[in-house]
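Report on the structure given below.
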Amino acid sequence: MMKTIFPRAALTAGFVAATCLTFAGAFPAQAGPVSQACLGSSKGAGQTRLCGCIQQVADMTMNRSDQRLAAKIFQEPDRAQEVKMSKRPRDDAFWERYTSFGNAAQAMCS
C-alpha cells in the first residue's frame, strides 16, 4: 500500500485556506496592525473584507512583533528592501516568515 506524505507547508496552507474561507465573510475586519496598514494603503483603501482576511492570515502565521514590522512594510515599501538585504539573522528569519505569510495571504485572500 502506498502512503501519501503531505508537506507541512501544504497542510498549513490548507488550514489557513479553510479558516479564511470560513471566517472571511463572517466577521468584520479585525483591527490588527496588518489590517490597519492594509486599509491605509492605496490598494487596500475601502477593502475591509480583503484586509480582514489578510489580518487573519497574519494572526495564524506571525506573532505580534512580526505583524508590526509587516505593517511598517505596508506603510513604507522601501523598508522591505532594507529587511531583505540585511545581514542580521533576526531579519533573515523574519523575511522567511514574511514570505510565507505573503504566499498564504495571496492564496487565501485573492
Exercise. Got Cys109 and Gln56 here, is their nearest side-chain heavy-atom distance under 4.5 Å?
Worked result: no
For this session: Might you point out which heavy atoms bring Cys51 and Leu39 nearest each other, and give the distance in Å?
Result: SG-N, 3.5 Å
For this session: Of all the heavy-atom pairs spanning Gly32 and Arg64, show the shortest one and how long it is.
Result: CA-NH1, 4.3 Å
Exercise. Excluding sequence neighbours, so at least two apart, what forms ring pair (Phe, Tyr, Trp, His ring centres under 6.0 Å) with Phe94?
Worked result: Tyr98
Exercise. In Å and rounded to the nearest 0.5 Å, what is the CG to CD distance from Asp59 to Gln67?
Worked result: 5.0 Å
Problem set entry | From Thr48 atom OG1 to Gln55 atom CD, the distance as rounded to the nearest 0.5 Å | 13.5 Å
Problem set entry | Pairwise distance OG(Ser35) to CD(Gln47) - rounded to 0.5 angstrom | 13.5 Å
Exercise. Say you draw a straight line from CE of Met108 to CE of Met60; how long is it, rounded to the nearest 0.5 Å?
Worked result: 9.0 Å
For this session: Kindly check if the number of other-residue, nucleotide or ligand heavy atoms within 6.0 Å of CD (Gln106) is above 12?
Result: no
For this session: Locate the shortest heavy-atom distance separating Val34 from Met62; write the atom from each residue and the value.
Result: CG2-CE, 4.4 Å
Problem set entry | Interatomic distance, Lys72 atom NZ to Arg79 atom CZ [nearest 0.5 angstrom] | 5.5 Å
Exercise. If you take all heavy atoms of Ala71 and Ala37, which pair is closest and at what distance?
Worked result: O-CB, 3.6 Å
For this session: Hey, could you give me the CH2/CE distance between Trp95 and Met85, rounded to the nearest 0.5 Å?
Result: 10.5 Å
